Amino acid sequence: MTLRTAPTGETPEPLRSDTDLVIVTGMSGGGRSTVARALENVGYYVVDNLPQALMIDMAELAFAAGGSARRTAMVLDVRSRAFSTDLAGAIKALRERGFQPQVVFVDADTDVLIRRFESVRRPHPMQGEGRLSDGIAAERELLREAREQADVFIDTSHLNVNQLRARVEEMFAAEDTRRLRVTVLSFGFKYGLPPDADFVVDARFLPNPYWVPELRDRSGREQEVSRYVLSQRGAVTFVETLARLLNATAPGFEREGKRYVTIAVGCTGGKHRSVAIAEELARRLREGRMAASAQHRDLGRE
């Protein structure tokens, strides 16, 4: 814990930056409630639907309370009557008071959001007398600046509730919260690029196990497929180069206050090559004492 300098004989006070403050916002239907529950699971005190005008007051209360309250998450959305477009200004005000909030923004493709609202048979909060798509478009415009200012962007288009919960819990686990955490995300190019990736690399230069009959129905998490992929020419060099890249950039990210990095590894369908490479890269990063985990966006979609 960082302490504030105090005159001799007085106990120094902890800095407000010691308060682990998370602000969660994003599109309605994007998964804010799931993110909030996941943060509760890893020890955060979560305040849902907090009026933006009370953000500083809530942060000061969390700081004054100390203990576990110093890990506080505030969930903001357009249903709050006090919501305004100046979220960036509110965050700046928090930082001027000595806090270092992390902003998490959740989003999903418009067609996915429409299906989610239709499945629960409720209107979009900004829909009014128009269509679902009108409400979603209006909310996107309202949140455009907040999206651009986010420290962590999570696209939930291809994540189910359990996958999203696991991803958030992995990111915000209490252990080593000040260290850079790396998510190695496998995906299939035929399902689209992950919009929340910081780096995207292509493993399609490797022979595809799909064309090996005994490997076709297996995945890159299984030893036989992993052994096949990593034995191909250039595969190990590819992993080693990625590990060096992340090790070289990690100190800079940490100096700039970035705590979460996602490197996306793609192949055709996200089942064999990208999965094997992601698992191996995450393993090597952990061996190098980095906080890393592998996740697989499209595994099981075929």
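Just so we're clear, the structure is a prediction, and the values are computed from it rather than from any experiment.
Put simply, the side chain of Ile56 reaches to within 4.5 Å of the side chain of Leu94, judged on heavy atoms. Under the 4.5 Å side-chain criterion, counting only non-hydrogen atoms from C-beta, Tyr260 is in contact with Gln102. Looking at Met58 and Tyr45, their side chains come closer than 4.5 Å, going by heavy atoms from C-beta outward. Counting heavy atoms from C-beta on, the side chains of Met171 and Val104 never come closer than 4.5 Å. The shortest distance between side-chain heavy atoms of Phe189 and Ser274 does not fall below 4.5 Å. Residues Leu21 and Phe63 fail the side-chain proximity criterion, which asks for heavy atoms closer than 4.5 Å. Side-chain contact between Phe105 and Gln149 is absent, with no heavy-atom pair separated by less than 4.5 Å.
Leu193 and Phe199 fall into different hydrophobic clusters, where Ile, Leu, Val, Met, Phe, Trp and Tyr side chains are chained together by heavy-atom contacts under 4.5 Å. Under the 4.5 Å side-chain contact rule for hydrophobic residues, Val212 and Tyr210 do not share a cluster. Connection of Val225 to Val239 is established within a shared hydrophobic cluster, with ILVMFWY side chains joined at heavy-atom distances below 4.5 Å, either directly or through further cluster members. Connection of Val161 to Val112 is not established within any shared hydrophobic cluster, with ILVMFWY side chains joined at heavy-atom distances below 4.5 Å, either directly or through further cluster members. In terms of hydrophobic clustering, with Ile, Leu, Val, Met, Phe, Trp and Tyr side chains grouped at heavy-atom distances under 4.5 Å, Leu206 and Val200 are assigned to different clusters.
One distance of note links OG1 of Thr262 with CZ of Arg181; it measures 12.0 Å at 0.5 Å rounding. The distance from atom CG of Leu185 to atom OG of Ser293, rounded to the nearest 0.5 Å, is 9.5 Å. Between the OG1 atom of Thr237 and the CD atom of Gln232 there is a distance of 13.0 Å, given to the nearest 0.5 Å. Atom CD of residue Gln127 and atom CG of residue Leu132 lie 4.5 Å apart, to the nearest 0.5 angstrom. Atom-to-atom distance recorded for Leu215:CG and Glu222:CD is 9.0 Å, nearest 0.5 angstrom. The line from CZ of Phe117 to NE2 of His124 is 4.5 Å long, rounded to the nearest 0.5 Å.
For Ile91 against Pro101, the heavy-atom pair with the smallest separation is CG2-CG, 3.9 Å. Arg218 and Lys271 make their closest contact through O-CE, 3.1 Å (heavy atoms, listed as atom of the first residue, atom of the second, distance). Here the shortest heavy-atom pairing between Ala203 and Val265 reads CB-CG1, 4.1 Å. Of all non-hydrogen atoms in Asn160 and Asn162, the two that sit nearest each other are OD1-N, 3.1 Å.
Ring geometry for Phe238 against Phe205 counts as perpendicular: the plane angle is over 60°, on a 0 to 90° scale with 30° as the lower cut.
Of the candidates Ser186, Pro209, Pro207, Pro209 is the only one forming a side-chain contact (heavy atoms from CB on, under 4.5 Å) with His272. Partner of Thr25 under the side-chain contact (heavy atoms from CB on, under 4.5 Å) criterion, out of Leu143, Val75, Val35: Leu143 alone.
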message = For a side chain to side chain contact (heavy atoms under 4.5 Å, CB included) check, start with the C-alpha distance between Asn247 and Leu285, then their side-chain angles and the critical distance, and finish with the verdict.
response = CA-CA 8 Å; Asn247 278 298; Leu285 292 173; 4.2 Å; yes
key: Derivation and outcome, salt bridge (charged side-chain N to carboxylate O under 4.0 Å, His left out), residues Glu141 and Arg144   = CA-CA 5 Å; Glu141 180 59 28; Arg144 179 173 53 82; 3.5 Å; yes
request  = Give the C-alpha distance, both sets of side-chain angles, the deciding distance and a yes or no for side-chain hydrogen bond (donor to acceptor under 3.5 Å, both in side chains) between His296 and Glu279.
outcome  = CA-CA 9 Å; His296 309 294; Glu279 290 283 346; 2.6 Å; yes
side-chain hydrogen bond (donor to acceptor under 3.5 Å, both in side chains) evaluation trace for Glu170 with Thr183 = CA-CA 9 Å; Glu170 178 68 28; Thr183 298; over 6 Å; no
inquiry  = Quick one, Val184 with Leu242, criterion side chain to side chain contact (heavy atoms under 4.5 Å, CB included). Give me CA distance, side-chain angles, the key distance, then yes/no.
reply    = CA-CA 11 Å; Val184 188; Leu242 294 175; over 6 Å; no
task = Begin from the C-alpha positions of Ile277 and Leu230 and carry the test side chain to side chain contact (heavy atoms under 4.5 Å, CB included) through to its verdict.
result = CA-CA 8 Å; Ile277 294 294; Leu230 295 173; 4.0 Å; yes
ask   = Hey, mind stepping through Glu287 and Arg284 against salt bridge (charged side-chain N to carboxylate O under 4.0 Å, His left out) and telling me if it holds?
value = CA-CA 5 Å; Glu287 284 183 349; Arg284 288 182 180 238; over 6 Å; no
task = Just do the side chain to side chain contact (heavy atoms under 4.5 Å, CB included) check on Asp107 and Arg140 with the steps written out, would you?
result = CA-CA 9 Å; Asp107 199 354; Arg140 281 202 190 284; 2.9 Å; yes
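Cation-pi geometry between Arg301 and Tyr191 is met: the NZ or CZ atom falls under 6.0 Å from the ring centre, inside 45° of the normal. A cation-pi contact links Arg71 to Tyr44, judged by a cut-off of 6.0 Å to the six-membered ring centre and 45° from its axis.
Counting non-hydrogen atoms of other residues, nucleotides and ligands closer than 6.0 Å to CZ of Arg221 gives a total of 12 or fewer. When the shell of 6.0 Å around CD of Gln223 is examined, it contains 12 or fewer heavy atoms from other residues, nucleotides or ligands. Arg131 CZ: 12 or fewer foreign heavy atoms inside a 6.0 Å radius.
Asp196 and Arg167 are joined by a salt bridge, as a carboxylate oxygen and a charged side-chain nitrogen come within less than 4.0 angstrom of each other. Checked for salt-bridge contact, Arg227 and Glu224 miss the test: no charged N lies under 4.0 Å from a carboxylate O.
Defined by atom type and a distance below 3.5 Å, a donor-acceptor pair is present between the side-chain atoms of Arg116 and Thr156.
Side-chain atoms of Asp155 never come within 3.5 Å of backbone atoms of Pro195 as a donor-acceptor pair (strictly under, hydrogens ignored).
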